[in-house]
Amino acid sequence: MCARRGRCRSVVIPFPKIVAVRAFTARGGGADYHDQGAGHWIDDHIATPMARYPEYRASRQSFGINVLGTLVVELEASDGTVGFAVTTGGEPAAFIVERHLSRFLIGQNPADFERIWDQMYFSTQYYGRKGLVVNAISAVDLALWDLLGKLRQEPVYHLLGGAVRDELQFYATGARPDIARDLGFIGGKLPLHHGPAEGDEGLKKNVALLADMRARCGDDFWLMYDCWMALDVDYATRLAHACHAHGLKWIEEAISPDDYWGYAELKRNVPKGMLVTCGEHEATRWGFRMLLEMDCCDIIQPDVGWCGGITELIKISALADARGKLVVPHGSSVYSYHFVVTRHNSPFAEFLMMHPGPTEVVPMFAPQLLGEPVPHNGRIKVSALDKPGFGVELNPDVPLHRPYSN
Ligand SMILES: C[C@H](O)[C@H](O)CC(=O)C(=O)O
Ligand SMILES: [Mg+2]
């Protein structure tokens with residue numbers, strides 16, 4: 001309180017600056033959730049763009065889906081507070097963070113995330129724009145938001161405007177939607193097993209699996225197919241029509257993420273009421289603007305660790321909202337949870353079932369993080385997010401390797 005009215009001066013307390021940037025790699029699950037051991041459902045003969053080659057059909061690890069591993073970025077502030085984030089990207093992303101992006105961070109105020117993002121994106125544009133480089137940018141951006149939350153002692157969802165609902169509701173991705181239903185999820189998304197190279201026989205097997213899951217799950221449970229970029233428009237259209245009788249709710253990432261024209265055609269082709277979803281391998285406001293303006297899909301699915309981070313997702317989400325489209329992030333664990341709960345056009349979220357079966361709920365980025373919330377009865381209460389930053393810590397039992405320094 002001011003002792004003498006009219007003589008008060010508000011004082012802005014200087015914010016700690018960033019003094020250190022560190023990029024590490026880690027193996028065995030974590031943010032690179034495809035980096036699992038043998039026998040895991042996520043590596044079990046799943047349709048991919050590489051499945052046209054018989055030798056790369058039975059396992060996605062055979063063509064190197066897990067070659068990158070996890071990237072961990074730590075940002076340390078002058079008061080000793082450390083913000084961190086994880087994504088997919090491993091050693092090459094660690095190089096980009098240490099040798100290129102760190103110059104835009106050291107000595108900077110972490111609250112200046114807009115300028116920092118702009119400098120990271122435009123300085124790498126000549127070799128970046130999507131993929132690995134934007135994964136690296138995303139990890140730095142998420143580490144900045146974690147640091148900001150820790151410095152301000154607030155959860156990230158507060159910094160994003162606060163929760164618009166009391167809990168998050170999840171569908172589950174995995175090989176056992178029937179078990180996901182019993183665990184309280186609102187739906188189950190199956191990996192598609194057979195691609196166009198396996199012909200009509202493969203297509204029949206895809207439809208038969210859906211029919212079996214429909215019989216196990218009952219009529220009201222959402223069932224979706226994740227096609228992981230494996231199909232062409234013709235096959236995807238035939239699959240969608242064949243699956244319509246079994247109540248397929250959406251067909252996901254059916255074709256190459258570069259084929260915006262194909263997605264627009266597929267959206268026109270699918271049976272009325274079936275949704276087309278895509279975007280987990282898309283990045284930045286410019287990529288998502290293409291998907292939205294070309295009317296490629298009904299739901300966009302940015303991965304928060306791959307699309308440019310929270311700073312970019314705010315813009316992507318606003319573009320979608322103005323067009324009446326839903327944003328249901330791909331995976332992304334806590335980075336998704338803190339965002340989804342603040343947006344009306346993100347009414348539910350994905351939970352990737354990382355148990356090998358998958359017969360039980362384990363944290364999505366296990367074993368990388370401590371304190372990672374998991375759904376109970378298919379839901380996470382907002383109060384579970386009430387910790388500074390993203391509310392998680394690195395598990396000290398997971399070894400980190402720092403291949404480069406800045
Ligand atoms: C299950 C899918 O093939 C992929 O591994 C994960 C994914 O695309 C999703 O969760 O969506
Ligand atoms: Mg997907």
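All ligand and atom numbering here is 1-based and tracks the order in the structure. Throughout, numbering of the chain's residues begins at 1 and tracks the sequence.
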Would you call K387 and E393 a salt bridge, taking side-chain N to carboxylate O under 4.0 Å as the test? no

Report the name of the N/O/S atom of E280 located nearest to the Mg ion (ligand 2). OE1

So does E252 have any N/O/S atom less than 2.8 Å away from the Mg ion (ligand 2)? yes

Before accepting this row, confirm whether a basic side-chain N of the pair K130/E282 lies closer than 4.0 Å to the acidic partner's carboxylate O. yes

Atom 1 (C) of ligand 1: which of Y33, W41, Y225 has the nearest heavy atom? W41

At a non-hydrogen distance cut-off of under 4.0 Å, which region of E253 contacts ligand 1 (side chain, backbone, both, or neither)? neither

Per-atom contacts, ligand 1 versus L352 - under 4.0 Å to a heavy atom: 10 (O)

Of all the atoms in ligand 1, which lie at a distance below 4.0 Å from a heavy atom belonging to I42? 5 (O)

Hey, can you tell me if Y53 and Y56 have their rings parallel, tilted or perpendicular (30° and 60° cut-offs)? perpendicular

Does R60 have a non-hydrogen atom less than 4.0 Å from ligand 1? yes

Using a strict cut-off of 4.0 Å, indicate which atoms of ligand 1 neighbour a heavy atom of H330. 6 (C), 7 (C), 8 (O), 9 (C), 10 (O), 11 (O)

Can we say D182 and R176 salt-bridge, meaning some charged N sits less than 4.0 Å from an Asp/Glu carboxylate O? no

Heavy-atom contacts with H34 under 4.0 Å: which atoms of ligand 1 show up? List them by number with element. 4 (C), 5 (O)

Nearest protein heavy-atom contact for atom 7 (C) of ligand 1: which residue, which atom, what distance? D226 OD2, 3.1 Å

Minimum-distance atom from the Mg ion (ligand 2) among N, O or S atoms of D226: OD2

Is the ring pair F351/F185 parallel, tilted or perpendicular, if the boundaries are 30 and 60 degrees? parallel

When you compare the side chain of V233 with that of Y263, does any pair of heavy atoms fall below 4.5 Å? no

Do R60 and W228 form a cation-pi contact, if we require the NZ or CZ to be under 6.0 Å from the six-membered ring centre and within 45 degrees of the ring's axis? yes

When Y337 is tested against each of F365, F170, F348, F390 for ring pair (Phe, Tyr, Trp, His ring centres under 6.0 Å), which residue passes? F170

Heavy-atom proximity to atom 10 (O) of ligand 1 ranks first, among E252, M353, E350, H281, for E350

